[in-house]
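In this chain, residues are counted from 1 in sequence order. Quick caveat, the model's predicted, so the values are computed rather than measured.
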Amino acid sequence: MEFPAEPFRIKVVERIKRTTREERERKIAEAGYNVFAIPAEDIFIDLLTDSGTSAMSDNQWAGIMHGDESYAGGRNFFHLQDVVRKIFGYEHFIPTHQGRVAENLLFSTLLSPGKVVPNNIHFDTTRANVQANGGLALDCAAKVAYCPDEEHPFKGNMDVELLEKAILEHGVANIPVVMLTITNNSGGGQPVSMENVRQVSALLHKYGIPLFFDACRFAENCWFIKQREPGYQDKSVLEIAQELFSYGDGCTMSAKKDALVNIGGFLCTNDGELALRIKTKLILIEGFPTYGGLAGRDLEAIARGLEEVVDEDYLAYRVGQVKGLADELEANGIPFIKPAGGHAVYLNAKKFLPHIPPEQFPGQSLAVELYREGGVRACEIGSLMFGATEAPEMELVRLAIPRRVYTSAHMQFVADVLCRIAERKESLRGYRIVWQPPVLRHFMAKLEPVA
Ligand SMILES: *Cc1c(COP(=O)(O)O)cnc(C)c1O
């Protein structure tokens, strides 16, 4: 199987600990069969999330030493503002310490009870911030997003007809903003096409509704456009990003994804009045508008990370590594959502473990077994995460790949672990909950194997 050669060499290493099966059996039992409760030091390969787990470059670490910690008007703010303007093109740039703060600022300013915010599929924090401000978070993804076995180049697309129906049904006055998540994280890290962005933009501008991107994985999305959409093969990823953002009116961003840093975020808008209202609120909860809850050095690392993330050697490696893992699973008959996403492979636990019913958490059973067999940590996205309110359609286990952190040998190791599990998958058992908190139960629930 093919893994792209890493376009970097390694200057600093961090030891990761191998454990014995006996140790892992004990740790997972102590953790109540919940991988969130295992200390990270006892994990060999941690694929829980790609958020904030990136390795920074020598250039970014050097930037950390150039941090200007002045309270107001530090030089790193102006550098980051220049880089953000170059890529995103929006007039106003507001730093925050995470993406969800940008969402909170935007929705608490624009929403009031009864307002509606459509998206292709809302990410958890986006949905929660819309709801916390009395809004209705509406998903309008194309139907293909919900077909795990269907290969489609742009499974993250918005269903434009459904969106127009929603606008007519709820009324223009009740929709202060429409979001478009690139790539669509909750739908499997799937990209949105430029054509779809253009259509969504044209529709919204016909009704005078602003379009905001949830831009966390914009570079991966633009790389897919270059690979898959006619007419973009000869454009650079930077040019593609510039065109894409030109169809919108602003964005929210978690720098913990495609800005290649461990903490940070921002909000952009072309609306001066909105920017002013948000900055006033920012001072209350995050800090002065030239640092927004971050240190000057963090702003510098984000600026340098954004310049590095549009490098096409990096993106070919990044997306290629995820695809390499998916190809390896495909060759061994291990089911996952097709095609592989930009940042993760989503295992289809319902198909892999048909003998475990949803009420016994097949995804959790697979996540537990990944740790038992190889010290690999992954995240269940199925009945344990969502089933408290209603049974979800899919039982998934997400293998999210941190950026620039693991080598292809590590990916091969993960694939081998899954192949060993596949050989004896009938022996995997379901789980039952012995204790759960009232909300977001998957983080803290305690489980036990079903006899
Ligand atoms: C991570 C993420 C967010 C929230 O960002 P944080 O920095 O974790 O607060 C919002 N939207 C999407 C699509 C994300 O992946």
Output side-chain donor-acceptor pairs under 3.5 Å for residues 308-315, partner residues at least two apart or in another chain, one line each.
| residue | atom | partner | partner atom | Å |
| --- | --- | --- | --- | --- |
| Glu308 | OE1 | Ser57 | OG | 3.0 |
| Glu308 | OE1 | Arg404 | NH1 | 2.9 |
| Glu308 | OE1 | Arg404 | NH2 | 3.4 |
| Glu308 | OE2 | Ser57 | OG | 2.6 |
| Glu308 | OE2 | Asn59 | ND2 | 2.8 |
| Asp311 | OD1 | Asp313 | N | 3.4 |
| Asp311 | OD2 | Tyr314 | N | 3.4 |
| Glu312 | OE1 | Lys226 | NZ | 3.0 |
| Glu312 | OE2 | Val237 | N | 2.7 |

Side-chain heavy-atom pair [X], [Y] within 4.5 angstrom cut-off:
| X | Y | value |
| --- | --- | --- |
| Asp249 | Leu204 | no |
| Tyr431 | Asn34 | no |
| Val434 | Leu447 | no |
| Asn120 | Asn157 | no |
| Leu399 | Leu347 | yes |
| Val450 | Arg429 | no |
| Ile182 | Asp214 | no |
| Val35 | Glu380 | no |

Show me the side-chain donor-acceptor pairs of residues 253-262 shorter than 3.5 Å, one per line, residues at least two apart or across chains.
| residue | atom | partner | partner atom | Å |
| --- | --- | --- | --- | --- |
| Ser254 | OG | Lys256 | N | 3.4 |
| Lys256 | NZ | Gln98 | OE1 | 3.4 |
| Asp258 | OD1 | Arg403 | NE | 3.2 |
| Asp258 | OD2 | Phe218 | N | 3.4 |
| Asp258 | OD2 | Ala219 | N | 3.0 |
| Asp258 | OD2 | Glu220 | N | 3.2 |
| Asn262 | ND2 | Gly52 | O | 3.0 |
| Asn262 | ND2 | Ser54 | O | 3.1 |

Just do the side chain to side chain contact (heavy atoms under 4.5 Å, CB included) check on Asn221 and Leu244 with the steps written out, would you? CA-CA 10 Å; Asn221 197 101; Leu244 186 145; 4.2 Å; yes
Any donor-acceptor pair under 3.5 Å linking the side chain of [X] with the backbone of [Y]?
| X | Y | value |
| --- | --- | --- |
| Glu395 | Ser383 | yes |
| Asn129 | Thr125 | yes |
| Asn270 | Glu91 | yes |
| Glu2 | Gly324 | no |
| Glu23 | Thr20 | yes |
| Arg304 | Leu299 | no |
| Asn348 | Pro335 | no |
| Gln436 | Arg441 | no |
| Asp50 | Ala400 | no |
| Asp159 | Glu161 | yes |

Could you give me the CA-CA distance, side-chain angles and deciding distance for Leu384 and Ile433, then say whether side chain to side chain contact (heavy atoms under 4.5 Å, CB included) is met? CA-CA 9 Å; Leu384 182 59; Ile433 293 177; 3.9 Å; yes
Measure the [atom1]-[atom2] distance between [X] and [Y] for me, rounded to the nearest 0.5 Å.
| X | Y | atom1 | atom2 | result |
| --- | --- | --- | --- | --- |
| Asn196 | Met158 | CG | CE | 7.5 Å |
| Leu80 | Phe78 | CG | CZ | 11.5 Å |
| Ile225 | Glu243 | CD1 | CD | 8.0 Å |
| Thr126 | Ile121 | OG1 | CD1 | 12.0 Å |

If the test is side chain to side chain contact (heavy atoms under 4.5 Å, CB included), which one of Leu163, Leu203, Asn119 qualifies with Val178? Leu163
More than 12 heavy atoms of other groups within 6.0 Å of [X] [atom1]:
| X | atom1 | answer |
| --- | --- | --- |
| Glu239 | CD | yes |
| Asp234 | CG | no |
| Arg297 | CZ | no |
| Trp435 | CH2 | yes |

Keeping to residues at least two apart or across chains, list the ring-ring contact (aromatic ring centres under 6.0 Å, His included) pairs with something in residues 382-414. Phe44-Phe413, Tyr406-His410
ring-ring contact (aromatic ring centres under 6.0 Å, His included): which pairs involve residues 328-377, sequence neighbours left out? none
Begin with the C-alpha distance, continue with both residues' side-chain angles, and end with the deciding distance and a verdict on side-chain hydrogen bond (donor to acceptor under 3.5 Å, both in side chains) for Arg24 and Thr19. CA-CA 7 Å; Arg24 292 194 297 273; Thr19 45; 3.2 Å; yes
Please tabulate, for side-chain N and O atoms in residues 3-16, each donor-acceptor pair with protein atoms closer than 3.5 Å (sequence neighbours left out).
| residue | atom | partner | partner atom | Å |
| --- | --- | --- | --- | --- |
| Glu6 | OE2 | Ser408 | N | 2.9 |
| Glu6 | OE2 | Ser408 | OG | 3.1 |

As a quick check of understanding, evaluate side-chain hydrogen bond (donor to acceptor under 3.5 Å, both in side chains) for Gln190 and Thr183, giving each step before the final call. CA-CA 5 Å; Gln190 304 291 329; Thr183 58; over 6 Å; no
Aromatic ring proximity Phe266/Phe88, centre distance under 6.0 Å: yes
Ring centroid separation for Tyr291 and Phe77, is it under 6.0 angstrom? no
On a heavy-atom basis, which atom in Ile401 and which in Arg318 lie closest, and how many Å separate them? O-NH1, 2.7 Å
Checking side chain to side chain contact (heavy atoms under 4.5 Å, CB included) for the pair Arg228/Phe154: CA distance, chi angles, key distance, verdict? CA-CA 8 Å; Arg228 296 178 182 173; Phe154 293 104; 3.8 Å; yes
Passes side chain to side chain contact (heavy atoms under 4.5 Å, CB included), Arg217 versus Thr181? Steps please. CA-CA 8 Å; Arg217 298 179 182 79; Thr181 307; over 6 Å; no
Answer yes or no: is there an ion pair linking [X] with [Y], defined by an N-O contact shorter than 4.0 Å?
| X | Y | answer |
| --- | --- | --- |
| Lys338 | Glu330 | yes |
| Glu373 | Arg424 | yes |
| Lys86 | Asp82 | no |

Would you please classify the geometry between the Phe213 ring and the Phe245 ring as parallel, tilted or perpendicular, with 30° and 60° separating the classes? perpendicular
Sort and list the pairs that fulfil salt bridge (charged side-chain N to carboxylate O under 4.0 Å, His left out) and have at least one residue in residues 26-44, not counting sequence neighbours. Lys17-Asp42, Arg26-Glu30, Lys27-Asp42
